[in-house]
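Here is how names work: the chains are called A, B, and so on, in the same order as the sequence lines, proteins then strands, and each is numbered from 1. The figures that follow rest on heavy atoms only: side chains count, while hydrogens, waters and symmetry mates do not.
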Amino acid sequence: MIDIDFSAQPLPEGPAPELALSHLDTLWLQVTGTLCNLACRHCFISCGPKNESHPFMALDEVRRAVETGAAMGVKEYYFTGGEPFMHPEIREMIALTLEHGPLSVLTNGVLIDEELAAWLADTFERARYNFDVRVSLDGTTARENDAIRGRHTFEKILAGAVRLHRAGLNPVFTVTTCHAELAESAGRQRFFELLAERGITRPRLKFLAPFKIGREERRGGAYAPYERLTEDALDEEARRSLQCSSCRMVTAKGVYPCPILIEEEGARMGDRLEDALAPIRLDHPACYTCFVEGVTCRT
Amino acid sequence: MSHLRRFAIFGGVYNNFLSLEATLAEARALGCEAIYCLGDMGGVGPCPDRVFPLLRESADLFVMQGNYDHSIGHRLEDCACGYTDPRDNYYAQISYDYTLAHTADEHKDWLRDLPTEFRRQWGGARVLMSHGSPRQVNEFLWESMCPDSFLTHLLDEHQADVLFITHTGIPWQRRLPDGRQVINVGAIGRPANNGRTSVDYALVEVEGDEVRVTLRPIDYDHQALAELMRQEGLPEPFVETILTGWWTTCLEVMPARERARGRY
């Protein structure tokens with residue numbers, strides 16, 4: 001094993017780059033704020049049953065944001081939280097959003113019972129635009145997954161996803177690669193095998209790098225001082241490929257540049273979507289992860 | 001009576017010289033005064049070099065560069081599809097390596113230097129043709145992923161009344177509430193994941209200020225193409241698509257809604 005002394009890395013010099021919004025393609029909505037039925041150890045916004053830092057959005061707030069986004073020509077919508085299916089009005093929110101464009105809902109899958117799976121599959125079938133449900137799963141065994149997402153979650157997540165699949169909606173599995181080997185080809189293959197055993201023979205998978213903030217900072221360590229972006233790091237292509245050049249996140253507390261930074265001091269851009277179209281400064285170390293890993297939150 | 005003008009627009013040749021011959025023959029028989037190819041000559045079919053004699057140096061043909069043509073033209077290592085699914089990646093690489101190895105240098109150079117958009121004025125309409133989208137060559141514009149308001153934004157931004165695109169391989173057309181139109185012409189190289197062996201192109205009829213666009217199916221000798229694919233040692237899943245009309249690979253990029261209509 002080779003030891004690398006990162007303290008010897010030269011610290012980046014100069015100001016953080018500024019990034020303009022090219023067009024609002026992607027509108028995120030933090031519909032259940034930071035409230036979640038799980039408290040995963042890698043959660044970059046420390047969501048959990050007791051975190052009310054961002055509360056639930058009201059149905060009217062969602063409607064206003066989606067209608068404003070639609071008027072701006074948004075291409076796709078995402079719901080996240082927290083756990084979106086904890087919201088008592090989530091079905092109304094899904095229905096009204098699908099009138100305007102394609103929607104992905106990010107869930108941990110635990111609350112998807114037979115009745116909800118049937119409703120979601122029926123919604124998928126009827127909607128004018130595409131409707132995706134994205135289920136987070138962080139390992140190919142209970143041991144691997146539950147170490148991150150909590151005891152007994154592996155089987156609950158798979159059960160919810162299998163219900164969806166049987167009802168006719170093939171979910172996207174999102175894997176955060178806290179176990180580094182899962183990012184490798186052999187690790188990915190293990191997911192295909194696991195899901196095939198559960199009857200999901202053409203699975204849809206998405207792999208995401210962890211962000212070293214929120215609860216993940218305590219689990220996996222914080223960013224090192226050298227992990228920062230400077231002006232000279234970004235060429236035009238890199239700027240275009242960063243998701244924050246085309247997205248904003250609406251929560252009950254206002255508008256933020258992206259889904260990652262809603263708990264970060266100074267990241268709030270304004271009350272309304274119209275107030276949040278200005279350029280942003282990529283001065284947070286989490287921006288470094290998006291740049292280095294080529295992260296896009298899109299399906 | 002006003003004068004009727006006709007045009008044909010197609011994309012996604014994917015080495016399928018037989019469907020290309022059939023498409024060009026129909027377009028010319030219908031009296032199209034110009035024929036537009038929106039790119040992606042290479043892909044899953046056999047004998048890449050057989051498409052170029054049909055495409056090059058015809059006065060009625062205008063050919064654009066797609067993302068695949070960019071990669072082949074610049075001799076890149078892969079098609080840059082970036083699949084997560086190892087199976088999709090495996091087949092995409094076979095398809096790309098085969099096309100790169102069997103495309104003559106002079107054709108690669110020709111692909112490298114092709115234009116990336118066409119603009120025309122037909123009737124009163126500003127017509128724009130792009131490969132993926134007017135803003136990005138490899139942007140997928142799927143029917144289920146394009147809200148009306150997003151398409152309106154694209155047309156405003158790029159000053160067009162009628163937009164033609166390809167890249168996804170599945171055709172669709174939409175007239176927006178303001179009367180403007182977006183048409184994905186699909187692909188002539190492989191069927192549209194609909195269980196039919198025919199492929200699709202767009203026939204445009206301009207009469208006065210009216211621009212009418214019809215997506216038309218093209219039958220060609222798909223059995224002969226499948227036979228030649230086998231002779232060339234191309235993977236059997238590619239042959240299955242040609243023979244059945246159902247996609248077997250590269251499904252990962254397809255939205256759930258379009259994918260649910262297919263067999264896989």
Check: Picking from Arg87(B), Glu157(B), Glu143(B), which has the most non-hydrogen pairs under 4.5 angstrom with chain A?
Finding: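 With the most close heavy-atom pairs to chain A, the winner is Arg87(B).
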
Margin query: For the interface with chain A, which of Ser149(B), Ala256(B), Cys146(B) has the highest count of heavy-atom pairs at distances below 4.5 Å?
Written below: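 Maximum pair count with chain A is reached by Ala256(B).
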
Would you say [X] and [Y] make side-chain contact, with heavy atoms under 4.5 Å?
{"X": "Ile72(B)", "Y": "Met41(B)", "answer": "no"}
{"X": "His158(B)", "Y": "Arg119(B)", "answer": "yes"}
{"X": "Trp246(B)", "Y": "Asn193(B)", "answer": "yes"}
{"X": "Leu195(A)", "Y": "Leu158(A)", "answer": "yes"}

Under 4.5 Å from a heavy atom of chain B, the part of [X] involved:
{"X": "Tyr129(A)", "answer": "both"}
{"X": "Arg240(A)", "answer": "neither"}
{"X": "Arg202(A)", "answer": "both"}

Item checked: Nearest-0.5 Å distance that lies between atom OG in Ser104(A) and atom CZ in Arg134(A) ->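 Reported value, rounded in 0.5 Å steps: 6.0 Å.
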
Note to self: If you count every heavy atom of other residues, nucleotides or ligands that lies below 6.0 Å from Gln121(B) atom CD, does the total exceed 12?
What the structure shows: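 For Gln121(B), atom CD is crowded (more than 12 foreign heavy atoms under 6.0 Å).
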
Note to self: For Arg196(B), I'd like to know if atom CZ has over 12 heavy atoms of other residues, nucleotides or ligands within 6.0 Å.
What the structure shows: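 Not buried by this count: 12 neighbours or fewer within 6.0 Å.
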
Check: How about Phe191(A) and Phe173(A): are their ring centroids closer than 6.0 Å?
Finding: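 When the ring centroids of Phe191(A) and Phe173(A) are compared, they turn out to be at least 6.0 Å apart.
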
Next item on the list: Give me the ring orientation class for Tyr78(A) and Trp28(A): parallel if the planes are under 30° apart, tilted from 30 to 60°, perpendicular past 60°.
Entry: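 Because their plane-to-plane angle is under 30°, the rings of Tyr78(A) and Trp28(A) count as parallel.
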
Under a 4.5 Å heavy-atom cutoff, which of [options] has the most pairs with chain B?
{"options": "Leu24(A), Asn170(A), Val74(A)", "result": "Val74(A)"}
{"options": "Asp25(A), Thr201(A), Leu205(A)", "result": "Asp25(A)"}
{"options": "Ala127(A), Ser185(A), Gly168(A), Ala71(A)", "result": "Ala127(A)"}

Check: chain A heavy atoms under 4.5 Å from Asp156(B): which part of the residue, side chain, backbone, both or neither?
Finding: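 Nothing of Asp156(B), per the 4.5 Å heavy-atom cut-off to chain A.
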
Notebook entry, point to check: Checking Ala260(B) against chain A: side chain, backbone, both or neither under 4.5 Å from a heavy atom?
Noted result: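 For Ala260(B), the contact with chain A is made by the side chain alone.
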
Margin query: For residues 126-142 of chain B, give me every residue with a non-hydrogen atom less than 4.5 Å from any non-hydrogen atom of chain A.
Written below: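 Checking residues 126-142 of chain B against chain A gives Arg135(B), Glu139(B), Phe140(B), Leu141(B).
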
Next item on the list: Not counting sequence neighbours, list each pair that qualifies as a side-chain hydrogen bond (donor to acceptor under 3.5 Å, both in side chains) and has a residue in residues 181-191 of chain B.
Entry: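 Passing the test, one end in residues 181-191 of chain B: Thr168(B)-Asn184(B).
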
Note to self: Main chain of Phe124(A), side chain of Arg257(B): is a donor-acceptor contact present, judged purely on distance under 3.5 Å?
What the structure shows: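 Between the backbone of Phe124(A) and the side chain of Arg257(B) there is a qualifying donor-acceptor contact (under 3.5 Å).
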
